[in-house]
Amino acid sequence: MIDFRSDTVTRPTQEMREAMASADVGDDVYGDDPTVNSLQAYAAERLGFESALFTATGTQANLLAIMSHCGRGDEYLCGQSAHNYRYEGGGAAVLGSVQPQPIENQPDGSIDLEKASASIKADDFHFAITRLLSLENTIGGKVLSLDYQRQACAFCDDHELLLHLDGARVFNAAVKSNCDVTEITKHYDSVSVCLSKGLGAPVGSLLLGSEAFIERATRLRKMVGGGMRQAGILAAAGRIALEQGPLRLVEDHENAEYLTAGLAGIPELDINPASTQTNIVYARCRSGKASQLRDYLANQGILITAGDPVRFVTHLDVNRDDIDQLLGAVRRFYQS
Ligand SMILES: *Cc1c(COP(=O)(O)O)cnc(C)c1O
């Protein structure tokens, strides 16, 4: 199978499997796992924070972030299409009693700061207390500009809000922004990062922030059942992902551009080449046959996500030949 559904589908490399097999481990709930400890220390340094916490998933890292910043009856501002509003089961509300205040994302994925300002609740007992602004970068494969993130940081300072980044793909953002990742992360009080997407680890995410923040998050991680024991087995692969993964993402972006150019030559597809900024490609089927296209491709061993628009994601386990096969199959579908 050639799998374009997501960058989460990558399998661990041989090097990762070997590192996992020989990892030095201990009980991480006691803080005894040297491989987890070393990953956390390396990640904190790499992303420019005091502390880091290894989590089971990105969803868990975002939940811990919101719950560590906000208490019961507080609220967080976020994008209407934010992962931590739409795609995380309402976790912050369900488990944290923290109310989301979603704001329509602008076409570039940012949140209009004037709208954010208008959404901040007055100090009045009728209202929830607005504590946090949560941004996402990349969002739908789009990159927030460094300038916008600087403005968002100043905005939060002015309004005494905390600022969280859902940085599941923040390294893709850094590659596209042509900067070190710390030029992005320095604007935030906390950042979550997925090791298990483009970076290639089989499992795991990281949450980064101040020492006091990570202490609160560690307590909450235990509470939600995320205290893992010999987690160094997973952290060993995560370390390789964090060290080597970022260097390779440029290939995914080039492959996504190549795929975009190919798809743009197929008249039945509506695709804006400028919308491909990183490793995610969106196209609309003009005739609305997305699910037939998906089924046709699946029969040829190619998997895609047939939403509206259709989504294709490039990653470690797809190369130019795979993309040529995909393009050939899409053309055949429309000729048949
Ligand atoms: C994938 C993703 C997450 C959640 O990560 P999981 O490990 O799948 O829980 C959070 N935010 C964004 C933007 C993501 O793409």
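First listed ligand is number 1; within each ligand, the first listed atom is number 1. Only a predicted model underlies this, so the values are computations on that prediction, with no experimental measurement involved.
- Applying the 4.0 Å criterion to heavy atoms of Thr57 picks out, from ligand 1, the atoms 7 (O), 9 (O).
- By the criterion of a heavy-atom distance under 4.0 Å, the side chain of Cys194, and not its backbone, is placed next to ligand 1.
- Short contacts between ligand 1 and Ala168, defined as distances under 4.0 Å to a heavy atom of the residue, involve ligand atoms 2 (C), 11 (N), 12 (C), 13 (C), 14 (C), 15 (O).
- For ligand 1, one of its N or O atoms has an N or O atom of Asp166 under 3.5 Å away.
- Checking His253 against Asn172 by side-chain atom types alone, a donor-acceptor pair falls below 3.5 Å.
- Tyr282 pairs by the ring-ring contact (aromatic ring centres under 6.0 Å, His included) definition with nothing, not counting sequence neighbours.
- For ligand 1, the polar-atom distance check finds no N/O of Thr138 at less than 3.5 Å from any of the ligand's N/O atoms.
- Shown in contact with Thr59 at under 4.0 Å from a heavy atom are these atoms of ligand 1, numbered in order with element: 4 (C), 5 (O), 6 (P), 9 (O).
- At a 4.0 Å heavy-atom cut-off, ligand 1 touches Asn62 through the side chain alone.
- Shortest contact from atom 7 (O) of ligand 1 to any protein heavy atom: Gly58 N, 2.9 Å.
- Of the charged side-chain nitrogens involved, none lies within less than 4.0 Å of a carboxylate oxygen, so that Asp32 and Arg229 do not count as a salt-bridged pair.
- Close N/O approach between Lys197 and ligand 1 is found [any backbone or side-chain N/O within under 3.5 Å].
- Residues Thr218 and Lys222 fail the side-chain proximity criterion, which asks for heavy atoms closer than 4.5 Å.
- In terms of protein heavy atoms, atom 10 (C) of ligand 1 is closest to His83 ND1, 3.2 Å.
- For the ring-ring contact (aromatic ring centres under 6.0 Å, His included) test, no residue two or more places apart in sequence or in another chain qualifies with Tyr334.
- The part of Glu136 lying near ligand 1 is the side chain, judged by heavy-atom distances below 4.0 Å.
- In summary, the side chains of Asp324 and Tyr258 do present a donor paired with an acceptor at a separation below 3.5 Å, with no hydrogens or angles considered.
- Residue Arg286 places its CZ atom among more than 12 non-hydrogen atoms of other residues, nucleotides or ligands, all under 6.0 Å distant.
- Ligand 1 places these atoms under 4.0 Å from at least one heavy atom of Arg169: 15 (O).
- No hydrogens or angles considered: nothing links the side chains of Thr278 and Arg169 as a donor-acceptor pair under 3.5 Å.
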